[in-house]
Every structure is written in structure tokens, then in C-alpha cells.
Amino acid sequence: MKIAKMFKWYWQNAYWGLVGFYSVMAFLLIFGFCVALFSGSDEIVMNNFSPSTEITLFVIGILLFPTGVRFGLSSGVSRKTLFVALLLFLTALSAGMMLISSIGEQLGEWMGIETHQLQQLLYPAVTGFGGWLSICFCRISLGLSLGAMGYFIGGAYYRMNKVLKIVVSITVPALLFLGMPLFFIAFPSIAQGVFESLISPLFNWLLVSPYCLSLLCLGFAALFGVLSWLFVRRAPVKIAG
């Protein structure tokens with residue numbers, strides 16, 4: 001019963017954020033339809049359903065670690081229970097948001113708005129019910145992996161002190177957006193070798209089938225899940241702030 005209690009608590013804390021998110025998406029859909037209707041254009045594109053859904057899952061994952069740990073441990077819920085409930089919630093949430101986004105995308109197509117998913121662009125040859133099912137599974141896996149990544153990041157920040165939080169918040173973006181480009185410029189031969197030996201074969205393998213991308217996403221979800229569990233096991237009860 002405590003798993004159900006934590007699941008309900010996770011849902012209650014994500015509910016209004018989801019309402020706000022889908023309200024914005026509905027507004028954009030209606031706005032795009034109005035533009036297409038009054039302008040007579042047939043080139044209105046709205047491809048933000050899928051990435052926006054995945055980013056939302058990522059943010060929810062970050063926010064649920066500190067709040068969930070505080071609530072669960074202070075309410076007598078075991079660490080294992082709150083973590084299992086979180087995994088079940090993220091899986092259900094990924095599936096539910098995928099379904100709603102798919103409905104929104106289909107509505108957009110009926111309203112004359114292009115709403116192609118990234119997976120459809122990557123796998124144009126995938127058609128029929130089997131293809132639709134593989135795309136759905138791929139999107140659920142991707143959402144779950146991003147939610148697990150967000151939960152891991154939320155756990156990492158939860159365990160850090162204020163100084164370390166500031167250092168990480170500055171150095172990680174700096175390395176990603178400045179360090180990597182500078183590395184590619186300074187060592188182009190090494191960067192090209194890494195791309196040809198690692199990245200290119202991986203990308204070619206991912207393009208074979210949506211299930212390949214799903215497998216990679218589930219692998220990342222499992223990795224971040226294990227690392228997050230290590231944080232949960234040692235997480236102290238902290239006051240908010």
C-alpha cells in the first residue's frame with residue numbers, strides 16, 4: 001500500500017505541471033490552426049510535441065528526487081518503496097505522455113499542421129501497426145531514460161553542498177558548450193577518429209530499427225536508475241531550500 005501511496009504522491013506533485021504544459025501545447029496547436037486557416041498556408045510546422053514531452057519528463061525527474069525523498073522518509077516510507085514507486089510512476093508517466101502527445105500530433109495533422117516526430121524522421125520506412133508500435137515503445141523508452149537521468153541529476157544536487165552545486169553548475173555547461181568545441185578545433189584528427197570509430201557505427205546501428213534506439217535508451221535508464229538508487233540509499237532528510 002505504501003507503494004500506491006508514494007505513486008499517488010508523485011502524481012499529485014506532477015499534476016499541475018502537466019496541466020500547465022498541455023495547456024501551452026493546446027494553445028500552440030490552436031494558434032497554429034488559426035494561422036493556417038487565415039493565411040491559407042499549408043506549411044505550418046509544429047514538431048515540438050515529442051521533444052517538449054521528453055524535456056518535461058527530464059525536469060519532472062529532477063524535481064521529484066528532493067521532494068520525494070523528504071516526503072517519503074519523513075512519512076515512514078522505506079527508501080526501497082519510494083524508489084520502486086518512482087520507477088513505476090516514471091514508466092506510467094512516459095507511456096501516458098506519449099499517448100497524449102500522439103493524439104495531439106494526430107489532431108495537428110487533421111488541422112493541417114505538420115507534426116512529424118523525430119522517430120518518424122529517423123525511420124521513414126517503418127509503417128503499419130508494427131511500425132507504430134515500435135515508435136511508441138521507442139518514445140516511452142526515451143522518456144523513461146530522460147526521466148531517470150533527471151532523477152539522477154536531482155539526487156546528485158541533493159547530496160551536494162552549496163559550493164559544489166555552484167562549481168558543477170558552471171563547469172559542466174562550460175565543458176559541454178565550450179570545452180568540446182575547443183577540443184574539436186584543437187585536435188581535429190583525434191575528434192575525427194573518435195567519430196569514425198565510435199559515434200558513426202553507433203549511429204548506423206541505431207538507424208537499423210526503432211528497437212535499437214529503445215534498447216539504448218533502456219540501457220541508459222537502467223544505468224541512471226542504479227546510480228540514483230545509490231543516492232537514495234544514503235540520502236539524508238534535508239529541509240527545503
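Excluded from the calculations below are hydrogen atoms, water molecules and symmetry mates; all remaining heavy atoms, backbone and side chain alike, are included. Note that this is a predicted model, so its numbers are computed, not measured.
Side-chain contact between F21 and I55: absent, with no pair of heavy atoms (C-beta onward) separated by less than 4.5 Å. Between V232 and L86, the closest side-chain pair of non-hydrogen atoms is not below 4.5 Å. When side chains are defined from C-beta on, L82 counts as touching Y10, because their heavy atoms get closer than 4.5 Å. Put simply, the side chain of T67 does not reach to within 4.5 Å of the side chain of Y158, judged on heavy atoms. Side-chain contact between S145 and M149 is absent, with no heavy-atom pair separated by less than 4.5 Å. Here the side chains of P66 and Y157 are not in contact, with every heavy-atom distance at 4.5 Å or above.
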Intermediate values then yes/no, side-chain contact (heavy atoms from CB on, under 4.5 Å), V69 and F231
CA-CA 10 Å; V69 167; F231 285 138; over 6 Å; no

Does the side-chain contact (heavy atoms from CB on, under 4.5 Å) test come out yes or no for T56 and Y22, once each step is laid out?
CA-CA 10 Å; T56 301; Y22 282 113; over 6 Å; no

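Residue L133 holds its CG atom at 11.5 Å from SG of C138, rounded to the nearest 0.5 Å. Summarising the geometry, atom CD1 belonging to I62 is positioned 11.5 Å from atom CG belonging to L57; distances are rounded to the nearest 0.5 Å. Here CG of L178 is found 12.0 Å from OG1 of T171. Values are rounded to the nearest 0.5 Å. In this structure, CZ on R79 lies 8.5 Å from CZ on R234, to the nearest 0.5 angstrom. In this structure, F89 CZ and I60 CD1 are separated by 6.0 Å, a value rounded to the nearest 0.5 Å. Atom-to-atom distance recorded for C212:SG and N204:CG is 11.0 Å, nearest 0.5 angstrom.
The number of heavy-atom neighbours closer than 6.0 Å to OH of Y211, taken from other residues, nucleotides and ligands shown, is above 12.
Under the 4.5 Å side-chain heavy-atom criterion for Ile, Leu, Val, Met, Phe, Trp and Tyr, L227 and M160 are members of the same hydrophobic cluster. A continuous path of hydrophobic side-chain contacts links V24 to F27 [ILVMFWY only; heavy atoms under 4.5 Å]. Residues F65 and L164 share a single hydrophobic cluster, defined by chaining ILVMFWY side chains whose heavy atoms lie under 4.5 Å apart. Using a 4.5 Å cut-off between side-chain heavy atoms of Ile, Leu, Val, Met, Phe, Trp and Tyr, with links allowed through other members, Y15 and L93 fall into the same hydrophobic cluster. Placement of I103 and I140 in two distinct hydrophobic clusters is found when ILVMFWY residues are connected by side-chain heavy-atom separations under 4.5 Å, directly or transitively.
Of the candidates F83, Y151, F152, F83 is the only one forming a ring-ring contact (aromatic ring centres under 6.0 Å, His included) with W229.
K5 approaches S75 most closely through the heavy-atom pair NZ-CB, 4.1 Å. Between A148 and A221, the shortest heavy-atom contact is CB-O, 3.9 Å. Across A85 and I3, no two heavy atoms sit closer than the pair CB-O, 3.7 Å. Closest non-hydrogen pair, S214 versus S134, comes out as OG-O, 4.5 Å.
A distance-only check finds no donor-acceptor pair linking the side chain of S101 to the backbone of M98 [under 3.5 Å]. The backbone N or O of F71 lies less than 3.5 Å from a partner atom in the side chain of S74, making a donor-acceptor pair.
Here the two rings, on F7 and W11, have centers that are 6.0 Å apart or farther.
Using cut-offs of 30° and 60° on the angle between ring planes, the pair F224 and F220 is parallel.
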